[in-house]
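Here's the structure we're looking at; comments come further down.
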Amino acid sequence: MQNLLLNLNPEQLAAVTLPPQNALILAGAGSGKTRVLTTRIAWLIQTGQVSPAGILAVTFTNKAAKEMLTRLSAMLPINTRGMWIGTFHGLCNRLLRTHYRDAALPQSFQILDSQDQLSMIKRLLKANNVDDEKYPPKTVMYFINNHKEQGLRATQIEPYDAIERKLVELYDLYDQQCQREGVVDFAELLLRTYELLSRNQPLREHYQQRFRHILVDEFQDTNNLQYNWLKLMAGHGAQQGGALFAVGDDDQSIYAFRGANVGNMAAFEAEFQVRNLIKLEQNYRSHGHILDAANMLIANNSRRLGKNLRTDAGHGEQVRVYEASSDLQEAQWIIEEAKNLIAEGASRSEIAVLYRSNAQSRVIEHALFSAGIPYHVYGGLRYFQRAEIKHAIAYLQLMDNPHNDSAFLRVVNFPARGIGARTLEQLQNAAETYGISLYAAVPYMVGKAGTALGGFVKLVEGVRFETQHMALPELVRVTLEASGLLAHYATEKEGADRIENLEQMVSAATQFVSEEGYGQGAPAHMGPQAEAQAGAAIVNADGVEILDADAPLATVMSPLSAFLAHASLEAGDNQAQAGQEALQLMTVHSAKGLEFDNVFITGLEEGLFPHESSSKEEGGVEEERRLMYVAITRARKRLYMCFSQTRMLHGQTRYNMKSRFFDELPEKSLKWLSPKVQSHWFANKKPTWEDAQLSGGSDNAIAQRIAQNKAGGSGWRIGESVAHAKFGEGVIVNIEGSGSNCRAQINFGSAGMKVLDLSVAKLERLGR
DNA sequence: CTAATCGAATTTTTT
DNA sequence: ATTCGATTAG
């Protein structure tokens, strides 16, 4: 036990050894947040305050859950079984599988990912002749998910106008359709569990008593439903020697756009009578100048819980700032600097290039590719989201639950088997008429269409029969073959990769089987006998028998159902690729939680970062500032920031001002590498072919530059930074006319775009 | 039923 | 610029 607490600083120690009370830990970036969380669990168990079964630890991502589990097993000699550590969705899945009857779900309910949900809504709109101009599927989805996150069912919404009335109606229809098909979306997993526990008192009390200690990671990212879910789970825990231990950082709240509510931190403090607000402000990651920059920047936000990072590491190097003339040149510069870093001995994987939006990666990728520097781009398609994998999954879903219409439609004619839109329309009408699934409606179809559809049903049934006694990996292999997917991609030109991905699914299944504790020989389809042996029965005080969702999922559901849930809940990582000695390219959002010796923050321009659409939203700029804060605090030793005078966006050249965030950073912590770039790099010399290569790669670029250089002989240039008494700083975007009749279009950022007469307007040239 | 073509949209992302 | 979806032509 002693060594558990060794090397903790006073605040960390205080947090880890808090008495069982509700607590809020304000954990700054790099302050040892995960360490505190895991050590707290280990300490609680080692001091005998709680048994592993009394621990519930909730995270947002599977990655975080895994990390916690790994660290815990290193700390604790005992096995981690019995502890519930997982994502909100993963834990809800587990609860719903066990209590499926009380939750009014089929035991092998399937989980819709966002893609499936959207396609289902599109189908619903079509079936109900809803004008999708007036009600875009995305809007409907947004409406449904939002209300689920507020804990509201369709019947509980008071529509305030005709449009909303329609949306409510669609929400209701959507839920009915899901219920018919036996599928749930992500928000539904949470809401269904919430409702189950709200209405079922014995069940609720059972879990409340069981989970004496609930720990939540990244609390600032919780949405309202998740907060209420936690409230329900915590119950009266505090009075009974239990507690809710929430760890978060309001300054790193960057997911408001997807429903996260930072306000939950303040609400938690008040509602749970938090007596222990502990701030972890000692930073173990970054050098002084980097922290100074982060602290000063974030001080510009209002409504903070208040926190200032400090370090013992010394000032370190200043933040290097560079102004480029174009996005291409910005990329060139990044590569030069990265090369220098590598030459100095930096590992490539310790160099991260961050950007605000994915579109920015192209130019940088291109430059890296030309320079022959290996790189890895985060984000993009995850394994289980690839089209061919989704197809294979759909076949498996149909074998497990043929009434999943999304799965049915995805593969009914893939590979093509002569079932077209016409046939499907008829089938959908039949299904609509009888209120049954598409699969169940097939027997009502006659003629040629009926034959084709019947063939498909026979195929699915055939594979189902053939594989009923097989272990999961074998089942997957046979399905891939029998579905015709492998044969189909074999005929395709670009099919080799897809076949490889499909074959990987067999190994994914093998791995899943061994990790989840399914006996190798267990048949992938499992009948009701699984149900009989599930979990240990618990009888509560009222004599109500409760089945604790503690048993391995293997005993509650068939391997196939479990594998399908796994595929939906854990889309597979695209970020792993560890050991790859490559530069790391990613958005600032996906950099959250990571750290690197060397970090480049690119595209620091008004309109890009902060993003232009953020200024329209309430509190939008503050969220952008937090995003910038996250970006800065990723760096350990060296931080670079850069921006560009011109940038290609959506096929058009844009002229942005440098980001307002530069004005919010301490001057003494910055080192301007391009101190007096008063003009474009080409201003003092004739553009050469190499320059054109560097900046645009085409002869056209030279012509463009020269044209810009002249700019109507007004003495001003496009792209030049200027200041105006009334509008503030701006960038010349365009110049029209010549001589005394010369007007310039100037982007004043927040003050807007203005057209000014150059002979009248008093403009001042800006240094940079 | 497939292929081609045109048009609209284009911050950030996990489950 | 590019991608994705929907409509239209073969």
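Reminder, nothing fancy here: chain letters follow the sequence lines and each chain counts from 1. Fair warning: this is a prediction, and the values are worked out from it, not measured in the lab.
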- Item | Electrostatic pair A/Lys122:A/Asp132 at N-O distance under 4.0 angstrom | no
- Query: Can the ring centroids of A/His391 and A/Tyr489 be said to lie less than 6.0 angstrom from one another?
  - Reply: no
- Item | Of residues 182-191 of chain A, the positions that come close to DNA chain B - non-hydrogen atoms, cut-off under 4.0 Å | A/Phe186
- Message: Looking only at side-chain N and O atoms, does A/Thr59 offer a donor or acceptor that is under 3.5 Å from a partner on A/Asp217?
- Response: no
- Task: May I ask you to check whether A/Gln117 and A/Asn145 show a side-chain donor-acceptor distance below 3.5 Å?
- Result: yes
- Quick one: label A/Glu617 by what it contacts on the DNA or RNA (base, sugar-phosphate, nothing), any heavy atom closer than 4.0 Å. base
- Look at A/Asn62 and B/dT15 and indicate whether a side-chain polar atom (N or O) is within less than 4.0 Å of OP1 or OP2. yes
- Message: Using 30° and 60° as the class boundaries, would you call the ring planes of A/His589 and A/Phe257 parallel, tilted or perpendicular?
- Response: perpendicular
- Task: Would you mind telling me which of B/dT15, C/dA1, B/dT13 lies closest to the side-chain atoms of A/Thr61?
- Result: B/dT15
- Whole-angstrom distance between C/dC4 and B/dT13, as gauged at atom P: 16 Å
- May I ask you to verify if any side-chain N or O of A/Ser114 is less than 4.0 angstrom from the OP1 or OP2 atom of B/dT14? no
- Out of B/dT13, C/dA6, B/dT11, which has the shortest distance to the side chain of A/Ser613? B/dT11
- Before accepting this row, confirm whether a basic side-chain N of the pair A/Lys390/A/Asp116 lies closer than 4.0 Å to the acidic partner's carboxylate O. yes
- Message: Check A/Asp175 with A/Lys148, please: is the shortest side-chain N to carboxylate O separation under 4.0 Å?
- Response: yes
- Could you tell me whether A/Asp113 contacts a base, only the sugar-phosphate backbone, or nothing, with contacts defined as non-hydrogen atoms closer than 4.0 Å? nothing
- Neighbours of DNA chain B within residues 356-363 of chain A, by heavy-atom distance under 4.0 Å: A/Arg356, A/Ser357, A/Asn358
- Message: For the base of B/dT12 and the side-chain ring of A/His611, does the geometry meet a stacking cutoff of under 5.5 Å between centres and under 30° between planes?
- Response: no
- With heavy atoms under 4.0 Å as the rule, sort A/Leu91 into base, sugar-phosphate or nothing. nothing
- Query: Does A/Glu623 reach the main-chain N or O of A/Ser614 with its side chain, forming a donor-acceptor pair under 3.5 Å?
  - Reply: no
- For residues 248-262 of chain A, which residues have at least one heavy atom under 4.0 Å from DNA chain B? A/Tyr255, A/Phe257, A/Arg258
